[in-house]
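Per chain, numbering begins at 1; letters A, B, ... match sequence-line order. The analysis underlying the following values was restricted to heavy atoms, covering all of them including side chains, and did not include hydrogens, waters or symmetry mates. Since we're looking at a predicted model, the values are computed, not measured.
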Amino acid sequence: NAGVTQTPKFQVLKTGQSMTLQCAQDMNHNSMYWYRQDPGMGLRLIYYSASEGTTDKGEVPNGYNVSRLNKREFSLRLESAAPSQTSVYFCASSEARGPQATIYFGEGSWLTVV
Amino acid sequence: AQSVTQLGSHVSVSEGALVLLRCNYSSSVPPYLFWYVQYPNQGLQLLLKYTSAATLVKGINGFEAEFKKSETSFHLTKPSAHMSDAAEYFCAVSENYQLIWGAGTKLIIKP
C-alpha cells in the first residue's frame, strides 16, 4: 500500500523556470492538499481539493496553480519559479474534509530555486 | 483566527527520561487538536488527536496527550524516551476545516 506518492523527490530550478509536482494517492480519499514546509514556520497550506473537480486556495497560493486530474491525482505547478519558493512541498490526502479528518502525507519534494 | 504555539523549537532529553512537548492553542470554541510526527526526510504521520471524547488521548509509540481547557493546552508526553523517538513533532488545531500548525519542536534524544 503506497499511500501518497509524490514526484520528484528533489529538484533544482533556475529562477523563472516552470515545473509540476505530481501527487497520487491510492486510498480512495476525496480530499487532497498541497503544503509547503519552511524552517520554523510549520506547514502552510497552498491549495486544497475537497473533492474531485474542485480546488480552493489555501493560506499561500500566490505563484502556484493546481489541477485535480481525477480522484487519485493532484498536481502543483510553479509557472515562474522564484527563490522564495525554495521549500519542501508535501502532498496529502484525507478521506473527507472535516474538522476531525486524519491527513496522510507523502514523503515530500525538496525544491531549490537558484 | 486560531493559533498554535509550541514552546521550544528544540527539546533535548536523555534516553529513558520523560518526554514533555508543550502545545498551547487559542480558541473560543472546543477545538479538535492533533499531534503529528515527522521523522527525518519523511512526511508527517498522525500520533494522536483529540476530538472531545476523552481529555487524555493515547497515541502510537507510547505517546499520550492531555487536553486542558482551562490552560488551553494539549501537551504531549511519553514516560520513557527511546532513541527512535528523535523526530520533529507538530501540534495542530482544526479551524474551518483546515489545520493550523505550530512551528514544530525537534526532539533530541541523548544516549
Side-chain angles (χ1 to χ4, degrees), chain A residues 1-10 21 23-25 27 29-51 54-61 87-110, chain B residues 1-11 21-54 57 59-60 67 74 87-106:
Chain A
N1 189 352
V4 179
T5 304
Q6 53 183 112
T7 57
K9 195 168 179 69
F10 300 99
L21 297 175
C23 175
Q25 52 91 8
M27 295 175 283
H29 285 171
N30 289 305
S31 299
M32 297 186 73
Y33 313 83
W34 276 104
Y35 287 92
R36 60 177 289 173
Q37 183 181 30
D38 301 290
M41 300 187 72
L43 277 77
R44 292 182 292 170
L45 183 64
I46 304 171
Y47 271 92
Y48 65 93
S49 171
S51 61
T54 69
T55 61
D56 285 286
K57 295 178 180 179
E59 181 184 355
V60 289
S87 188
V88 184
Y89 291 85
F90 288 97
C91 180
S93 70
S94 63
E95 189 173 77
R97 187 169 168 263
Q100 302 183 40
T102 296
I103 297 179
Y104 297 83
F105 287 83
E107 294 195 339
S109 295
W110 275 254
Chain B
Q2 297 193 52
S3 64
V4 176
T5 302
Q6 291 185 238
L7 187 62
S9 59
H10 294 76
V11 169
L21 303 181
R22 300 179 187 273
C23 173
N24 288 87
Y25 66 92
S26 66
S27 174
S28 58
V29 298
Y32 295 105
L33 294 157
F34 304 78
W35 275 102
Y36 280 79
V37 60
Q38 183 180 28
Y39 297 103
N41 299 319
Q42 293 188 26
L44 286 74
Q45 64 182 84
L46 181 70
L47 263 182
L48 50 82
K49 62 180 174 181
Y50 168 74
T51 59
S52 76
V57 182
I60 61 172
F67 171 68
F74 190 56
E88 189 159 17
Y89 293 79
F90 292 90
C91 182
V93 62
S94 181
E95 178 185 61
N96 295 330
Y97 293 80
Q98 294 187 23
L99 287 183
I100 308 301
W101 297 85
T105 298
K106 281 191 177 174

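Using a 4.5 Å cut-off between heavy atoms, L45(A) touches chain B through its side chain atoms alone. With a threshold of 4.5 angstrom between heavy atoms, Q38(B) approaches chain A through side-chain atoms but not through N, CA, C or O. Neither the backbone nor the side chain of Y50(B) comes within contact range of chain A, judged by heavy atoms closer than 4.5 Å. Using a 4.5 Å cut-off between heavy atoms, L44(B) contacts chain A through both its backbone and its side chain.
With values rounded to the nearest 0.5 angstrom, S109(A) atom OG is found 12.0 Å from Q37(A) atom CD. Expressed to the nearest 0.5 Å, how far CH2 of W101(B) lies from OH of Y36(B) amounts to 5.0 Å.
When atom types are taken as modelled, the side chain of Q25(A) and the backbone of S93(A) share no donor-acceptor pair closer than 3.5 angstrom. Without hydrogens or angle criteria, Q6(B) side chain to C91(B) main chain gives a donor-acceptor distance under 3.5 Å.
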